[in-house]
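Only a predicted model underlies this, so the values are computations on that prediction, with no experimental measurement involved.
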Amino acid sequence: MGGAVSAGEDNDELIDNLKEAQYIRTELVEQAFRAIDRADYYLEEFKDNAYKDLAWKHGNIHLSAPCIYSEVMEALDLHPGLSFLNLGSGTGYLSSMVGLILGPFGVNHGVELHSDVIEYAKQKLDFFIKTSDSFDKFEFCEPSFVTGNCLEISPDCTQYDRVYCGAGVQKEHEDYMKNLLKVGGILVMPLEEKPNHADSGKSRLVHLPPVAVRSLQDLARIAIRGTIKKIIHQETMSKNGNGLKNPPRFKRRRVRRRRMETIVFLDKEVFASRISNPSDDNNNSEDIEEERREEAETKPSELKPDPPVNFLREKVLRLPLPDPLKYYLLYYREK
């Protein structure tokens, strides 16, 4: 499935198209989609197709179309602190976007049938945490993945606020899926009427990760990073007054002076005369010259935009702390 919106040149343009088509409707979902580049979850040789609204599959690795993921994210009605279970978690792309919304006190678990896909998902998660500047703009609920059949989850597992299953679920398994939910929770899945009589082979119960209490050290890191973000926000507000950026410069609209031609009909003779202002030529050349100067001023900034500044990282690195503690606050990130 897919192809509901046109392809984008980059991740932001793809999101713009999904917004325009009303697949992305809320600010939280939009922020999560913009924070993680879809192309990062593709193999290098297939990245040219990353911003098309199409599903992608290579061996066991699979990504649904962007329009499907955006509909799923909106339907889940995500909020900070919720617990989420992703059945068929695949590359971890969806789980990572969900983690940006759940925040540090949420629960984010995934079950995936293929062990090679689990390894792929862990590599992509590690790459996002260590290299993406978006990571520092959110409080992240890191997903945990386990290998197994999502129809063989241990009956004593915890229940979740939100559950998503990407694969088609037969009617006979509908109640099983519902039992994974807390009261008042939301389950999103494609329900199929066709019964499935295939034998899954030897049954092996899948034990989901325990819902662990965060360590005091981890809570301290979350609190310190949160405090620094508030300071950065306050500094930005005071610097910009009411928080608005500098007002845009409006270009003066140029009115070109045109030479006037007067045609006089006198009996059967036609006399054409041209009336012009002696200063027209000078004014015209002055206008052209001014335009060139303005283009020369604006062109370099358009061609070479300033790289985004990671203010959180800069603040942490300036703290009077031992280097190992600074690196801990930065999650040992490379950027």
Side-chain angles (χ1 to χ4, degrees), residues 10-13 15-16 18-19 24-37 40 73 77-82 96-106 108 128-142 214-253 293-335:
D10 55 25
N11 196 65
D12 280 327
E13 191 172 324
I15 308 312
D16 291 341
L18 291 168
K19 277 189 68 181
I24 293 177
R25 299 179 290 278
T26 59
E27 187 178 352
L28 277 177
V29 171
E30 179 186 351
Q31 288 174 349
F33 267 86
R34 291 195 190 279
I36 299 181
D37 195 323
D40 290 342
M73 291 278 284
D77 188 25
L78 298 161
H79 304 287
L82 294 179
S96 292
M97 287 196 292
V98 170
L100 295 174
I101 298 177
L102 297 184
F105 304 112
N108 193 356
F128 169 69
I129 291 174
K130 288 186 175 180
T131 67
S132 174
D133 278 331
S134 294
F135 179 82
D136 285 331
K137 297 175 183 176
F138 297 82
E139 294 295 346
F140 188 48
C141 181
E142 186 174 336
R214 285 188 176 275
S215 68
L216 183 59
Q217 187 180 31
D218 201 18
L219 290 172
R221 174 165 61 182
I222 293 167
I224 293 170
R225 284 168 63 91
T227 301
I228 295 174
K229 286 181 180 179
K230 287 180 182 176
I231 293 171
I232 293 170
H233 177 69
Q234 290 168 357
E235 289 176 349
T236 304
M237 292 288 285
S238 61
K239 184 178 179 181
N240 295 333
N242 58 358
L244 295 175
K245 294 181 179 178
N246 293 329
R249 286 180 58 193
F250 292 98
K251 275 193 174 182
R252 178 171 61 86
R253 187 179 176 185
R293 281 199 303 269
E294 286 191 3
E295 284 178 5
E297 289 174 4
T298 57
K299 207 169 185 181
S301 61
E302 290 172 1
L303 293 175
K304 296 179 181 178
D306 292 332
V309 179
N310 190 327
F311 293 105
L312 178 67
R313 180 179 179 83
E314 287 190 350
K315 287 276 189 186
V316 170
L317 291 176
R318 289 201 298 265
L319 290 173
L321 297 172
D323 284 346
L325 197 49
K326 292 179 184 178
Y327 299 144
Y328 176 77
L329 288 173
L330 294 171
Y331 287 86
Y332 304 99
R333 301 180 68 240
E334 294 172 2
K335 285 185 69 176

Would I231 and F311 satisfy side-chain contact (heavy atoms from CB on, under 4.5 Å), going step by step from the backbone distance to the final call?
CA-CA 10 Å; I231 293 171; F311 293 105; over 6 Å; no

Residue among I228, N310, L325, I224 satisfying side chain to side chain contact (heavy atoms under 4.5 Å, CB included) with V316
I228

Just wondering, are more than 12 heavy atoms of other shown residues or ligands nearer than 6.0 Å to NZ in K19?
no

Check this for me: K326, atom NZ, are more than 12 non-hydrogen atoms of other residues, nucleotides or ligands nearer than 6.0 Å?
yes

Evaluate the criterion side-chain contact (heavy atoms from CB on, under 4.5 Å) for residue pair L329 and L319; output intermediate values, then yes/no.
CA-CA 11 Å; L329 288 173; L319 290 173; 4.2 Å; yes

Please check: side-chain N/O of N108 versus main-chain N/O of C141, any donor-acceptor pairing under 3.5 Å?
yes

Step by step, work out the salt bridge (Lys or Arg N to Asp or Glu O under 4.0 Å) result for R34 and E30.
CA-CA 6 Å; R34 291 195 190 279; E30 179 186 351; 2.9 Å; yes

Nearest heavy-atom approach of V29 to M73 is CG1-CB, 3.9 Å

One pair to check against side-chain contact (heavy atoms from CB on, under 4.5 Å): L317 and E314. What are the steps and the verdict?
CA-CA 5 Å; L317 291 176; E314 287 190 350; over 6 Å; no

Residues E139, K229; criterion side-chain contact (heavy atoms from CB on, under 4.5 Å); working and verdict:
CA-CA 10 Å; E139 294 295 346; K229 286 181 180 179; 3.5 Å; yes

Between E13 and D10 the two heavy atoms that sit nearest each other are N-OD1, 2.8 Å

Here the pair of heavy atoms bringing S132 nearest to A35 is OG-O, 4.0 Å

Measure across Y328 and R221 and return the closest heavy-atom pair with its distance rounded to 0.1 Å.
O-NH1, 2.8 Å

Answer yes or no: is there a donor N or O on one side and an acceptor on the other, between the side chain of K315 and the main chain of R225, under 3.5 Å?
no

Checking ring-ring contact (aromatic ring centres under 6.0 Å, His included) for the pair F128/F140: CA distance, chi angles, key distance, verdict?
CA-CA 11 Å; F128 169 69; F140 188 48; 5.5 Å; yes

With a 6.0 Å cut-off (strictly less than), is the heavy-atom count around OH of Y331, excluding the residue itself, greater than 12?
yes

Return the minimal non-hydrogen interatomic distance between L28 and L78, and the atom names on each side.
CD1-O, 4.0 Å

If you look at every heavy atom in P104 and I222, which pair is closest and at what distance?
CB-CD1, 3.5 Å

